[in-house]
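Whatever order the structure lists ligands and atoms in, that order sets their numbers, starting from 1. Computed from a predicted structure; not experimentally measured. Computation of the quantities below employed the complete heavy-atom set of this structure, encompassing side-chain atoms and omitting hydrogens, waters and symmetry-equivalent molecules. Residues take their numbers from the sequence shown, with the count starting at 1.
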Amino acid sequence: MKQSLLDFSKREIEELMLEKNQKSFRGGQVYRALHLGCDFSEITTLPLSLRQELNDTFVAQPVKIIEKLVSIDGTQKFLFSLQDDNLIEGVLMKYKYGYTLCISTQVGCRMNCAFCASGLEGLIRNLTPGEMLGQVVCANKLLGGGLGDERKITNVVLMGSGEPLDNYDNTVTFLRLLSAEGGLNISTRNVSLSTSGLVPKMYDLANENFSLNLTVSLHSPFDEERQKIMPVAKKYKIQEILSACENYFEKTGRRYIFEYVLISGNNDGVRHANELIKLLKGKPCHVNLIRLNQVKEKDLISVTDKEAYRFSALLEKGGLSCSVRRRMGSDIDGACGQLRRRYLKEQN
Ligand code: SAH
């Protein structure tokens with residue numbers, strides 16, 4: 001696999017140009033063009049020989065959209081292919097203020113959560129920073145967006161396949177590239193990172209100087225029951241996660257969000273609501289309730305809308321800030337890893 005120049009910061013590309021006996025301003029030209037989604041052959045401001053030289057060593061765009069599904073609610077789901085033909089997914093959601101893109105951070109996932117399709121075959125490999133950025137670049141280009149204020153993608157969520165904190169260094173490099181001036185320039189304020197709760201990495205993240213929205217998949221207030229839904233819970237206890245969240249708030253001033261996938265007869269009881277209230281009351285956090293997107297391979301059942309709102313009312317009555325996530329794209333295999341799985345099956 002060739003390295004992608006989308007992995008490089010503007011400064012690194014400028015240095016590369018100097019190594020190639022080019023003026024450093026060429027670096028800016030290349031950087032801009034790559035973030036707009038161009039291939040080397042399309043950067044016609046460069047001498048032809050330089051375009052060819054770059055093409056011999058690097059790839060410009062490491063990610064391509066190979067399939068696009070559009071939901072009746074306007075949500076779009078992309079199937080992206082990578083250089084080594086691995087497949088990943090992204091979801092594009094339209095809101096009043098712009099577009100939010102949900103991206104993947106790994107091919108597959110090693111967390112193996114009970115309700116999620118991404119972990120069914122384990123982790124295949126980490127994505128590079130350029131492959132994460134490439135998803136945003138592709139979608140932005142498709143929407144006719146430019147850079148900076150001209151961008152169409154205004155928000156990014158790291159909630160697709162993969163555990164971002166299990167691919168920590170690449171994720172952090174990606175976040176710096178995404179927010180850098182001269183590129184798409186999407187502030188980390190407009191980025192949410194969701195983790196299954198890898199505690200040591202949550203502490204590291206608090207020291208990165210980002211204004212990132214930290215989102216933690218909780219899914220149960222009881223360690224023992226959480227372990228049945230999320231194997232990673234055997235490693236990190238809920239109290240450790242809460243301490244790491246507290247630290248995140250102290251360091252960044254950002255309140256944090258808990259995701260809670262409601263599974264019928266599993267984690268949706270009154271005792272669950274009561275324990276959540278006990279754990280979270282008074283903390284600078286918000287609870288985002290998610291109705292399970294049922295995955296064929298799993299026999300877990302979603303709560304009804306009514307049950308979800310009843311659970312939400314219990315939390316609110318107990319003093320928690322909470323919401324039920326809008327259901328989007330459920331007709332297009334909207335949940336993590338579902339489209340990729342269907343596609344792989346159809347190929348076989
Ligand atoms: N690994 C990270 C980020 C990816 S999952 C994490 O665990 O947070 C992003 C969110 O989607 C998580 O809250 C996850 O629990 C949720 N999710 C995964 N599969 C789902 C499904 N089938 N229905 C509803 N939510 C799901």
Task: Any D166 side-chain heavy atom under 4.5 Å of L198 side chain - done: yes
Tell me which one of [options] gets a heavy atom nearest to [atom].
atom	options	result
atom 2 (C) of ligand 1	S194, S104, S217	S194
atom 15 (O) of ligand 1	E259, R325, H219, M230	H219
atom 26 (C) of ligand 1	L193, L262, V261	V261

Open item on the list: Under the criterion salt bridge (Lys or Arg N to Asp or Glu O under 4.0 Å), I'd like the reasoning laid out for R125 against D84: C-alpha separation, chi angles, the key distance, then a yes or no.
Closed with: CA-CA 11 Å; R125 72 170 174 86; D84 59 1; 2.8 Å; yes
Open item on the list: Is the distance from the ring center of F78 to that of F80 below 6.0 Å?
Closed with: yes
Which ligand 1 atoms are under 4.0 Å away from a heavy-atom of [X]?
X	result
S196	6 (C), 7 (O), 8 (O)
G160	4 (C)
G162	1 (N), 2 (C), 3 (C), 4 (C)
V295	22 (N)
C116	18 (C), 19 (N)

- [ ] Specify side chain, backbone, both or neither for T195, according to which of its non-hydrogen atoms lie closer than 4.0 Å to ligand 1.
- [x] backbone
Task: Test: K94 cationic atom under 6.0 Å from Y99 six-membered ring centre, within 45° of axis - done: yes
Solution key, residues 176-186 side-chain donor-acceptor pairs under 3.5 Å, sequence neighbours excluded:
{"from": "R176", "atom 1": "NH2", "to": "E208", "atom 2": "OE1", "distance (Å)": "2.6"}
{"from": "S179", "atom 1": "OG", "to": "L175", "atom 2": "O", "distance (Å)": "2.7"}
{"from": "S179", "atom 1": "OG", "to": "R176", "atom 2": "O", "distance (Å)": "3.4"}
{"from": "N185", "atom 1": "ND2", "to": "S179", "atom 2": "O", "distance (Å)": "2.9"}

Open item on the list: E163 vs S196, test: side chain to side chain donor-acceptor pair (under 3.5 Å). Steps then yes/no.
Closed with: CA-CA 7 Å; E163 168 50 55; S196 54; 2.9 Å; yes
- [ ] For residues 126-176, pull every pair meeting ring-ring contact (aromatic ring centres under 6.0 Å, His included), keeping only residues two or more places apart or in separate chains.
- [x] none
Task: Polar atom proximity, F115 to ligand 1 (N or O, under 3.5 Å) - done: yes
TODO: Could you tell me whether some N/O pair between E163 and ligand 1 is separated by less than 3.5 angstrom?
DONE: yes
Task: Any donor-acceptor N/O pair, K298 side chain to A117 backbone, under 3.5 Å - done: no
